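To start, the structure under review is shown below, and the notes come after it.
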Number of protein chains: 2
Amino acid sequence: MSRPDKAYPCHEEPADHVVEMAENRVLSSRSQTIADTLTRAIIDHRLVPGCKLGERELSEIFNVSRIVVRQALIRLADDGLAQIERNRGAFVAKPSMQEAMEIYDALTLVEQGVAAQLSDRLGPAGWAELRHHVERQRQAVAAGNHALADVLGQEFHTVFVRLSRNKVMQEIHAQLVRRTTLLRSLITADFDYCNLLDDHSRVVDLLEKGRLKQAMDLIDTHHRAVVRGYIMDREVFPEMTPAEALAPYLDGKTDGATVPVAPRKPANPSGNGGSTAHVHVHLPKINRAPTSRASTKKTNRGLPS
Amino acid sequence: MSRPDKAYPCHEEPADHVVEMAENRVLSSRSQTIADTLTRAIIDHRLVPGCKLGERELSEIFNVSRIVVRQALIRLADDGLAQIERNRGAFVAKPSMQEAMEIYDALTLVEQGVAAQLSDRLGPAGWAELRHHVERQRQAVAAGNHALADVLGQEFHTVFVRLSRNKVMQEIHAQLVRRTTLLRSLITADFDYCNLLDDHSRVVDLLEKGRLKQAMDLIDTHHRAVVRGYIMDREVFPEMTPAEALAPYLDGKTDGATVPVAPRKPANPSGNGGSTAHVHVHLPKINRAPTSRASTKKTNRGLPS
DNA sequence: AAATGTTGATTGGTATCCAATCTTGTGATT
DNA sequence: AATCACAAGATTGGATACCAATCAACATTT
């Protein structure tokens, strides 16, 4: 064992697989796929906070074994999107107001840091990309396309961070964004998009002029404005079973890598209209299918009022 | 069953378990414990990058089933400490130089953001705590206690982030610190501690005076100085089997005498010239003497955990 | 009616088995 | 002899069945 050449099974390759790992923290297949699908469903607000994610139920939905589901749930919990209680099961996370503020503070913090780095390092092409993005959102707002404006408003922050050219940071930021998206299931978003859009534009202006401190203050107030529009005391009621909520993502083959951002189902056989590309939870009331075998029993978990 | 209040299982509890979750995102027991142990072993450099983490082998070491080990490995991979290749297995991550720089950049970014927030919000007690910590490290350096100085130098960053009072951010930062610790298995740390200590002190000074931009620049150059001292082309050879590496962390039995971290003789093989001199692992000060119980019970205070 | 067992359901975990894939070693071919 | 191809072994990913612990709801008793 003291031989340096064959001391112990040591996997070594120069830089090939390292690169591909840097691109994506990929690993297995199914548990990751299922975790991605559940993440998608959560940030699409089809699975609302507090909703129980039973292992058996999910394993039947996805047609996999319970163990694969559990591995996926572990991922979700590590991402802060689910919460696992010992011997009780997994639930979609229901962050407290305190945690919501921490998430937004972390987001503020990250974007302030990105701003600081960009103010030093970003080249003209980067500034142009930011301005272009702001312009696109402005046009969407002008056209009255609220949905698109909303998506672009989110995307601005992602583009902003991507310009740091740091995949590690992008992953951290993406995780925070997912958690903020989860928060929207619990809050009433009621703020002025034009104000936020102006903020984006002004941040770019300030940064390009080197007025870093002011830009960072604006980022802070920007996020504070978002949080201020939030009210956490809203009660959310799951209106669908997980099976129904996840149905749009299971087109035939579970092999499909990742469902696109807008789960548009052109040929959805079952009625279930109105599920396309919804960002907010205004799902139609669904008459409970009497076919669900255990729906009568497992459904009733205390939800007062 | 059409009652809206009992629509579907919705887990709800006011705020109790939320708090405990924020404090501790732990879930099961064994897979988390094993993931923690592996993490500990990796950041202690007992498991070096590239080392294979076979499921069967680990399951025998920990006396658990393979599935539990796999769940732990998934956690490690999500944390960036391991790398899973399909049908090939898990290995301790071997970050590329590119990724190393990204990790340090992310760390810089986070700490710059923290600095920005602290410069606005931190009270006198917070500044005092920072100064006290710097002073402790200064005394350690003066006393020639390099090991303690190193630990304190690490800890400064953790304390710094903790003052933001944001658990989400703390967790992100802790993860980044773990990954930087992993990097030390691949690099030769060869920098001047006094300089870094001065940096800490000056950052506190600048921040308290409101000179945010300068403080952030200093944070940047601070981390760049650390990275500059790094050389990634070193080859690391596992000198222990995972069983040997993990033995000190297993319950009860601690044959402390037989497992020092760097048992490899500095008998630098004269062959090999100097090109890719795979000098033996000159572990910096972290190599504390494996006093029996101290190493058994995870000394979570020593390094950010 | 309140307190207290009892039972069912769900999770955490183990063992065993199987399929797919990767590695390795041997053998045939040029 | 060197190289290529193929087969055997090993390892991972996953499925299934099973057991123990725990929690929740129900039923019983005082």
Side-chain angles (χ1 to χ4, degrees), chain A residues 6 8-13 16-17 20 26-35 50-77 82-92 241-242 253-255 292-304, chain B residues 1 6 8-13 16-17 20 26-36 50-77 82-92 241-242:
Chain A
K6 272 291 186 181
Y8 194 74
C10 177
H11 170 71
E12 56 175 43
E13 272 156 55
D16 308 325
H17 72 293
E20 86 180 2
V26 69
L27 40 124
S28 62
S29 60
R30 279 197 229 223
S31 69
Q32 181 65 60
T33 301
I34 291 174
C51 178
K52 165 134 196 180
L53 302 171
E55 290 184 5
R56 175 178 306 276
E57 189 174 9
L58 292 178
S59 68
E60 289 170 1
I61 291 173
F62 288 106
N63 236 1
V64 295
S65 74
R66 273 177 53 207
I67 292 176
V68 176
V69 170
R70 199 182 311 175
Q71 287 164 350
L73 291 176
I74 288 175
R75 284 209 156 78
L76 274 267
Q83 178 175 345
I84 299 179
E85 300 179 28
R86 188 178 167 78
N87 287 319
R88 298 238 3 237
F91 307 85
V92 178
T241 68
K253 306 167 280 288
T254 61
D255 146 61
S292 10
R293 59 267 162 234
S295 63
T296 62
K297 211 53 196 154
K298 73 189 173 198
T299 53
N300 291 342
R301 183 184 290 276
L303 185 62
Chain B
M1 64 181 70
K6 292 267 188 188
Y8 195 74
C10 182
H11 168 69
E12 76 142 26
E13 270 155 59
D16 310 324
H17 73 293
E20 86 179 3
V26 74
L27 38 125
S28 61
S29 59
R30 278 193 232 226
S31 69
Q32 182 66 55
T33 301
I34 291 174
D36 288 344
C51 179
K52 164 135 198 180
L53 302 172
E55 289 183 8
R56 176 177 304 278
E57 189 174 10
L58 292 178
S59 68
E60 289 170 1
I61 291 174
F62 288 106
N63 233 5
V64 296
S65 73
R66 273 176 52 205
I67 291 177
V68 176
V69 170
R70 201 182 308 175
Q71 287 165 350
L73 291 176
I74 287 175
R75 283 205 156 81
L76 275 266
Q83 176 177 346
I84 299 178
E85 301 179 27
R86 188 173 169 78
N87 287 319
R88 298 238 3 241
F91 307 85
V92 178
T241 69

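Everything numeric here is computed off the predicted structure, so don't read it as measured data. Lettering follows sequence order; numbering is per chain, from 1.
DNA chain D is contacted by both B:Gly89 and A:Val68; B:Gly89 maps to the nucleotide lying nearer its 5′ end (nearest heavy atom per residue). If you find the closest nucleotide of DNA chain D to B:Ile67 and to B:Gly54, the one lying nearer the 5' end belongs to B:Gly54.
The CD1 atom of A:Ile84 sits 9.5 Å away from the CZ atom of A:Arg70 when rounded to the nearest 0.5 Å. To the nearest 0.5 angstrom, A:Leu53 atom CG is 11.0 Å from A:Gln83 atom CD. B:Gln71 CD to A:Arg75 CZ: the interatomic distance, rounded to the nearest 0.5 Å, is 11.0 Å.
As rounded to whole Å, 14 Å separates atom P of C:dG13 from atom CZ of B:Phe62. Following rounding to the nearest Å, A:Arg70 (CZ) and C:dT10 (P) show an atom-to-atom distance of 14 Å. In this structure, B:Arg30 atom CZ and D:dA21 atom P are separated by 11 Å, rounded to whole Å. Atom CD in A:Gln83 sits about 16 Å away from atom C1' in C:dT11, given to the nearest Å. Whole-Å rounding puts the A:Gln71 CD to C:dG13 P distance at 12 Å. As rounded to whole Å, 14 Å separates atom P of D:dA15 from atom CZ of A:Arg56. Atom CG in A:Leu58 sits about 13 Å away from atom C1' in C:dT11, given to the nearest Å. In this structure, CD of B:Gln32 is placed 16 Å from C1' of C:dG13, rounded to the nearest angstrom.
Contact record, B:Lys52 with B:Gly89: NZ-CA, 4.4 Å, taken as the closest heavy-atom pair.
Donor-acceptor pairing under 3.5 Å, judged by distance alone, is absent between the side chain of A:Arg66 and the base of D:dG14.
Among the nucleotides C:dT21, D:dC18, C:dT14, the one closest to any side-chain atom of B:Asn87 is C:dT21. Closest approach to the A:Arg86 side chain among D:dA15, C:dT14, C:dG12 is made by C:dG12 (side chain taken as heavy atoms from C-beta onward). Of the candidate nucleotides C:dG13, D:dG13, D:dT11, D:dT11 has the atom nearest to the side chain of B:Lys52.
With contacts defined as side-chain heavy-atom distances shorter than 4.5 Å, the pair B:Leu73/B:Leu58 qualifies.
In this model, the phosphate group of C:dT23 is approached by a side-chain N or O of B:Arg88 to a distance below 4.0 Å at OP1 or OP2.
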